[in-house]
Amino acid sequence: MGNVFGRKGRPSRVTEQDRAVLQLKQQRDKLRQYQKRITLQLEKERSLAKQLLKDGKRERALLLLKKKRYQDRLLDKTENQIDNLERMVQDIEFAQIEMKVIEGLKNGNECLKKMHEVMSFEEVERILEETEDAVEYQKQIDELLAGSLTQEDEEAVLQELEAITQGEDVELPEVPAEPLPEAPQPESERKPSKSHAEREMLAA
């Protein structure tokens with residue numbers, strides 16, 4: 001019971017325009033059915049008129065053809081009414097599309113207004129200036145780094161970049177596990193020269 005009452009309380013999505021379009025289409029379909037029925041009847045009456053003429057009943061055949069002529073005019077009016085109904089249906093449906101388009105434009109304008117309120121022209125200008133400063137700063141850093149590297153460093157960097165691009169790791173030299181030997185002292189520091197020893201003996 002609660003579900004039934006809950007369904008009744010829901011707002012219907014069918015608009016007045018939808019109801020009008022539905023009624024127009026129903027009237028159009030009824031006219032088409034009437035049109036088919038009259039067309040079949042006229043064909044029968046025409047065949048009957050031919051038979052009456054063969055039987056020598058000219059007056060009855062003439063009366064039947066007059067009736068047929070009147071019904072032909074009704075068919076023409078029915079066709080015009082169907083055209084009018086279809087045109088009206090198309091106009092209503094196109095008007096509904098226009099309303100949706102206008103509603104979409106309205107929502108879009110409101111959204112743009114809110115975005116403009118959140119971000120003013122001064123805010124956009126400030127962000128652009130900060131972005132330009134950041135780009136200029138990064139450019140200066142790149143120039144400093146480029147100036148501090150030797151030709152050998154530049155080649156190593158390019159080689160590593162090529163390896164990364166090809167999905168390969170750069171092979172670096174292995175670091176020795178044992179400590180490096182001390183550098184040998186110069187010969188002059190290990191023993192005094194001969195001339196220096198002779199001078200000491202002479203001084204003694």
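Below, each value reflects all heavy atoms present in this structure, side chains not excepted, and no hydrogens, waters or symmetry copies.
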A.B. asks: For E16, which residues count as a salt bridge (Lys or Arg N to Asp or Glu O under 4.0 Å) partner, sequence neighbours excluded?
C.D. replies: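 Expected list: R19.
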A.B. asks: For R58, which residues count as a side chain to side chain donor-acceptor pair (under 3.5 Å) partner, sequence neighbours excluded?
C.D. replies: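 Not a single residue meets the side chain to side chain donor-acceptor pair (under 3.5 Å) criterion with R58.
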A.B. asks: Does atom CZ of R32 have more than 12 heavy-atom neighbours, drawn from other residues, nucleotides or ligands, at distances under 6.0 Å?
C.D. replies: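 Atom CZ in R32 is packed in, count exceeds 12.
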A.B. asks: Transitive ILVMFWY cluster of L62 at side-chain heavy atoms under 4.5 Å: who else is in it?
C.D. replies: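 In the cluster with L62 there is nothing else; it is isolated.
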A.B. asks: Using distance only, find each side-chain donor-acceptor pair of residues 64-72 under 3.5 Å and give its atom names and separation, not counting sequence neighbours.
C.D. replies:
| unit_1 | atom_1 | unit_2 | atom_2 | d |
| --- | --- | --- | --- | --- |
| K68 | NZ | D72 | OD2 | 3.3 |

A.B. asks: Would you mind writing out the side-chain donor-acceptor pairs for residues 74-84 within the sub-3.5 Å range, not counting sequence neighbours?
C.D. replies:
| unit_1 | atom_1 | unit_2 | atom_2 | d |
| --- | --- | --- | --- | --- |
| T78 | OG1 | L74 | O | 2.7 |
| E79 | OE1 | Q35 | NE2 | 2.5 |
| N80 | ND2 | D76 | O | 3.3 |
| N84 | OD1 | R87 | NH1 | 3.0 |
| N84 | ND2 | N80 | O | 3.2 |

A.B. asks: Show me the pairs that pass side-chain hydrogen bond (donor to acceptor under 3.5 Å, both in side chains) and involve residues 48-57, at least two apart or across chains.
C.D. replies: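 Matches after skipping sequence neighbours: Q51-D55.
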A.B. asks: Just verifying a value: how many Å separate I92 CD1 and D18 CG, rounded to the nearest 0.5 Å?
C.D. replies: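 Output value for this atom pair is 10.0 Å.
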A.B. asks: Side chains of Q166 and E162: do they bring a donor and an acceptor to under 3.5 Å?
C.D. replies: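 Per modelled atom types, Q166 and E162 side chains form a pair under 3.5 Å.
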A.B. asks: Could I get the full list of salt bridge (Lys or Arg N to Asp or Glu O under 4.0 Å) partners for K25, not counting sequence neighbours?
C.D. replies: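 With sequence neighbours excluded, K25 shows a salt bridge (Lys or Arg N to Asp or Glu O under 4.0 Å) to E93, given in chain and number order.
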A.B. asks: Go through the structure and list residues passing side chain to side chain donor-acceptor pair (under 3.5 Å) with Q27, not counting sequence neighbours.
C.D. replies: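 For Q27, no residue satisfies side chain to side chain donor-acceptor pair (under 3.5 Å) once neighbours in sequence are set aside.
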A.B. asks: Without placing hydrogens or testing angles, list every side-chain donor-acceptor pair under 3.5 Å for residues 107-114, not counting sequence neighbours.
C.D. replies:
| unit_1 | atom_1 | unit_2 | atom_2 | d |
| --- | --- | --- | --- | --- |
| N107 | ND2 | E103 | O | 3.3 |
| N109 | ND2 | L105 | O | 3.2 |

A.B. asks: What's the separation between atom CD in E155 and atom CG in L158, rounded to the nearest 0.5 Å?
C.D. replies: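 The distance works out to 8.0 Å.
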A.B. asks: Could you work out, with side chain to side chain donor-acceptor pair (under 3.5 Å) as the rule, every residue matching E130, not counting sequence neighbours?
C.D. replies: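 Listed in chain order: R126.
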A.B. asks: Checking Q26 now: which residues fulfil side chain to side chain donor-acceptor pair (under 3.5 Å) with it, not counting sequence neighbours?
C.D. replies: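 Residues passing side chain to side chain donor-acceptor pair (under 3.5 Å) with Q26: none at all.
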A.B. asks: Donor-acceptor pairs under 3.5 Å, side chain of residues 40-49 to any protein atom, not counting sequence neighbours: which ones?
C.D. replies:
| unit_1 | atom_1 | unit_2 | atom_2 | d |
| --- | --- | --- | --- | --- |
| Q41 | NE2 | E45 | OE2 | 3.3 |
| S47 | OG | E43 | O | 3.1 |

A.B. asks: Enter the distance from I97:CD1 to I102:CD1 here, rounded to the nearest 0.5 Å.
C.D. replies: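 The distance works out to 12.0 Å.
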